[in-house]
Amino acid sequence: MSENRKNIRMRCPVCLNRENDVVLLKTETGDYYCPKCSFSGSEAEIRTMYADYRKKYHFLTKRLTLADQELL
């Protein structure tokens with residue numbers, strides 16, 4: 001059937017930072033746009049914004065002591 005088709009669902013990075021979950025729509029030119037906040041960009045731009053979003057939760061799984069926090 002559709003084993004060769006790869007369906008990538010991208011989330012809007014602007015809405016994701018606001019803690020909303022909105023799926024981006026793809027245009028004919030290959031760019032993505034958000035129907036809610038009017039964000040538009042290429043896949044590379046979205047991936048870099050995702051990397052910035054991940055930095056927000058960098059220490060979520062680590063327990064920091066007071067000494068560790070002073071070093072930051």
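Bear in mind the structure is a predicted one, so any value in this text is a computation, not a measurement.
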Subject >> Nearest-0.5 Å distance, SG of residue C37 to CG of residue N20 >> reply: 9.0 Å
**OP:** Could you note down all residue pairs passing side-chain hydrogen bond (donor to acceptor under 3.5 Å, both in side chains) where residues 63-72 supplies at least one of them, sequence neighbours left out?
**Re:** T65-D68
**OP:** To the nearest 0.5 angstrom, please state how far the SG atom of C15 sits from the CZ atom of F39.
**Re:** 9.5 Å
Original post:
Taking atom NZ of K55 as the centre, does the number of heavy atoms from other residues, nucleotides or ligands within less than 6.0 Å exceed 12?
Top reply: no
**OP:** Tell me whether L71 is reachable from L64 by hopping between hydrophobic residues (I, L, V, M, F, W, Y) whose side-chain heavy atoms are closer than 4.5 Å.
**Re:** no
Subject >> Euclidean distance, D52 CG relative to R47 CZ, rounded to 0.5 Å >> reply: 14.0 Å
Original post:
Under 6.0 Å from the CG atom of L66, do we count more than 12 heavy atoms belonging to anything else shown?
Top reply: no
Subject >> Heavy-atom side-chain contact between P35 and V22 under 4.5 Å >> reply: yes
**OP:** List for me each residue that meets ring pair (Phe, Tyr, Trp, His ring centres under 6.0 Å) alongside Y50, sequence neighbours excluded, and say none if there are none.
**Re:** none
**OP:** Search all heavy atoms of S40 against all heavy atoms of E45 and return the closest pair with its distance.
**Re:** O-OE1, 4.5 Å
**OP:** Kindly compute the distance separating OH (Y53) from CG (N17), expressed to the nearest 0.5 Å.
**Re:** 6.5 Å
Subject >> Spacing of Y32 atom OH and T27 atom OG1 [to the nearest 0.5 Å] >> reply: 9.0 Å
Original post:
Does any pair with a residue in residues 17-36 pass salt bridge (Lys or Arg N to Asp or Glu O under 4.0 Å), and if so which ones, sequence neighbours excluded?
Top reply: R11-D21
